[in-house]
Amino acid sequence: MGKFYITTPIYYVNAKPHLGHAYTSIIADALNRFHLLMGDECFFLTGTDEHGDKIVKSAEANGQTPKEFVDEISGLFRNLWSDLDVKYSKFIRTTDAKHKACVQEILQRVYDNGDIYFDEYGGHYCVGCERFLTEKELVNGKCPEHDIEPEYIAEKNYFFRMSKYQDWLIDHINRNPDFIRPSQYRKEVLSLLESGALDDLCISRPKSRLTWGIELPFDDDFVCYVWFDALINYLSALGYPNGGNYEKFWPVANHLVAKDILKPHAIFWPTMLKAAGIDVYQRLNVHGYWLVKDTKMSKSLGNVIEPLKMMETYGLNAFRYFLLREMGFGSDSSFSEDALVGRLNADLANDLGNLFNRTLSMTHKYFGGKIPCPGDEGAEDAEIKKLGRDALTRYQESFLEMKFSVGLESLWELVRGLNKYIDETAPWTLYKNKDMSRLSTVMYVMLENMRKIAVHLWPVMPDASVKMLGQLGIVFDAEKVNLSKELDVWGLLESNVQVAEFSNLFPRVEVEKASHAGPAKKNGNAKDNGSGLVDFEDFQKLDLRVGTVVKVEKHPDADKLLIVQVDIGEDEVRQVVAGLAEFYSPEDLKGRQVVVVANLKPRKLRKQLSQGMILAVKDAKGMKLLTSTEQVVNGSKVS
RNA sequence: GGCGAGGUAGCUCAGUCGGUUAGAGCAUACGGCUCAUAUCCGUAGUGUCGGGGGUUCAAUUCCCUCCCUCGCUACCA
């Protein structure tokens, strides 16, 4: 059995969680779920980083003690992961007692090893900034922000002999091309290491300046520098130096970080491990930023997208799918509501959702909802099965390489292939011709492929996947799934099992497209409320009028459509193509008063122009027209 | 300034270890089907593959140079 250990950074709790945090955690979760389905034994670690200067300041600003403050924010993160279906194995906090003990253990080992020394460090300390400023930051010898001349303070501190391990690290990266990926970050780290001599790292802060941290085991006048403390969480969470988890999972440790913390993870951390006599982690996986209007998201710019808000508006499934599908791993990507809606409508609603729904619907029409027994397979079936095997193989390979976007694109080749397969096999014709044997095979091929797709989607959209499988009459059990076997196994779907009558997991959403042509419109924020409510002005945009049907004929090229001429008080009657033929005969309709949407954009329906829409209401029994309780003048407005 | 990434169809991007007509999705137009959520399938496209130069029988792909965008990093007096 394989093993897999994935970590997110421990998020710094000086501010609330944002989209960047959500993205990292969601890919970690997707990877973890993927490896679970591949049959690996997995450990997924996340948590919060709660020490350091900034935390103390943020707490003070909130009128709280550091402990109260971090408890609150840490809780926010945990709640968010629960809302995003992020299922971690452990949530670590750097204020945990076990973590502190582990940090001290490692510090002591490095100290005993002779790689920590005590030295004087001098610099320009600004009391306003509460930190040392570099020569370059000074303007006319003053701190530009506080306009005061910084004090020159000589301070004694402990330093980690990081420079000693520079050559070893360069060598290690060269020998292990996968150590840092994607490769652009590997190159960046190498050039950083090769260009200049690595400085030693200051790893202490005197308690006179900062008390909120972990004490150095060899000098209780100092606390540990926050990065040194934080990185060790990846080990302390496994119970290092004790415990089976360390031995089991550390050799397969995969760190996942955003590119802004590349340096601590790619340089500080491996050299720390080396100095402590611990093997380095297996891989560092680096992702890019989500940009909002081409600017990196930041709280101060006020363009932070609340992850929860997007999730509430469009659903968790679409949100997770979008994040994984849209961003090439390692590069930056733009986040926009339009793009999210585009993916939701095109990929999820039109392609996948509709495919699934039409499959279930046909199973009901032709087989009373029971999965049929397949007959002999023909060339078309062999072809789609091969397409499926290839697509799923690429999907799995891509996920192993963190290429989620490529993987999902491959999976959709199968989705599109199946839509085409339906078109070509035309089950409705087989049914009409009473070719039930062939029809059974075709429907079984569809249903079995839907099962395979649903299972593969579990890492990305766990909720939708479980629901899809449920609608196929399967109770999802991660233990029983093995994705690698899925490539060669066919026919796990049992015949005669009842499936759902329909599925609407991904309803289309209609969002008024933001104008790309000109400047932002006055009411550009109309869709921003996210509540699904419309303003009265929006309602007023609809021109609803009562009119009398003067003439009706059947649509020559469609079974369900009627061509209706309605007098809505204008010089000319309106022609409206309506989907009423199954419920009303032309004779029934003529002379009735109906409600018409008069300013609907004209559209051709099977070659016939339709200049409006007749309002009706549909329930299980059929379709009923809407009208006024009394006769009114044609053209009267509905309000 | 150095290093890295990128500049490919209207948009978002894939791709080419040099080789017959450069791809996908979205958007657009037209056609087809009716099982389906105004969904699906098909057809049609357009691209001096950032500019210029070089190597080659052949370059979008290799080399040089320049321009633009982004990131990291250093400050060259």
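Chain A is the first sequence line, chain B the second, and so forth, proteins listed ahead of strands; every chain is numbered from 1. Just so we're clear, the structure is a prediction, and the values are computed from it rather than from any experiment.
Between the C1' atoms of B/U60 and B/U21, the separation comes to 15 Å (whole Å). Spacing of C1' atoms, B/C17 relative to B/U12, comes out at 27 Å, to the nearest Å. Nucleotides B/A9 and B/G15 place their C1' atoms 14 Å apart, quoted to the nearest Å. As rounded to the nearest Å, B/G25 and B/U43 have P atoms that lie 11 Å from one another. Taking atom P in both B/C63 and B/A27, the straight-line distance is 38 Å, to the nearest Å. Taking atom C1' in both B/G2 and B/A58, the straight-line distance is 36 Å, to the nearest Å.
The ring pair (Phe, Tyr, Trp, His ring centres under 6.0 Å) search around A/His364 returns none, not counting sequence neighbours. For the side-chain contact (heavy atoms from CB on, under 4.5 Å) test, residues two or more places apart in sequence or in another chain that qualify with A/Asn433 are A/Thr429. Applying the ring pair (Phe, Tyr, Trp, His ring centres under 6.0 Å) test to A/Tyr23 and every residue at least two apart in sequence or in another chain returns A/His287, A/Trp290. Listed by chain and number, the residues in a ring pair (Phe, Tyr, Trp, His ring centres under 6.0 Å) with A/Tyr321 are A/Trp412 (sequence neighbours excluded). Among residues two or more places apart in sequence or in another chain, the side-chain contact (heavy atoms from CB on, under 4.5 Å) test is passed with A/Leu340 by A/Met310, A/Tyr314, A/Phe319, A/Phe322, A/Phe335. Applying the side-chain contact (heavy atoms from CB on, under 4.5 Å) criterion to A/Ala266, with sequence neighbours excluded, gives A/Ile180, A/Val189, A/Leu262, A/Leu284. Applying the ring pair (Phe, Tyr, Trp, His ring centres under 6.0 Å) rule to A/Phe506 yields no partners; only residues at least two apart in sequence or on another chain are considered.
When the P atom of B/C40 is taken as reference, atom CG of A/Asn345 falls 10 Å away, rounded to whole Å.
Side-chain N or O atoms of A/Ser183 include none that pairs as donor or acceptor with a backbone N or O of A/Arg186 at under 3.5 Å.
Sorted by residue number, the members of residues 350-358 of chain A with any non-hydrogen atom under 4.0 Å from RNA chain B read A/Asn350, A/Asp351, A/Gly353, A/Asn354, A/Asn357, A/Arg358. Heavy-atom distances under 4.0 Å link RNA chain B to A/Asp423, A/Trp428 of residues 422-435 of chain A, given in residue order.
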Please list, for nucleotides 6-15 of chain B, all pairs of protein and nucleotide N/O atoms separated by less than 3.5 Å.
none

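Applying the salt bridge (Lys or Arg N to Asp or Glu O under 4.0 Å) definition to pairs two or more places apart or across chains, none involves residues 355-374 of chain A.
At a threshold of 4.5 Å between non-hydrogen side-chain atoms, the residues A/Ser440 and A/Ser495 do not count as touching.
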| task | Starting from the C-alpha separation in whole Å, work towards a yes-or-no answer on salt bridge (Lys or Arg N to Asp or Glu O under 4.0 Å) for A/Arg320 and A/Asp463. | result | CA-CA 10 Å; A/Arg320 288 179 60 123; A/Asp463 172 64; over 6 Å; no
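Every stem involving RNA chain B, taken as at least 3 paired positions in a row under the Watson-Crick or G-U wobble test at 3.5 Å, is listed here: B:1-7 with B:67-73, B:10-13 with B:23-26, B:28-32 with B:40-44, B:50-54 with B:62-66.
Using cut-offs of 30° and 60° for the angle between ring planes, the A/Phe160 and A/Tyr165 rings count as parallel.
Taking side-chain N and O atoms only, A/Lys420 has a distance below 4.0 Å to OP1 or OP2 of B/G42. Residue A/Arg416 has no polar side-chain atom (N or O) positioned under 4.0 Å from OP1 or OP2 of B/C40. Contact annotation: A/Lys187 side-chain N/O to B/A5 OP1/OP2 distance is under 4.0 Å.
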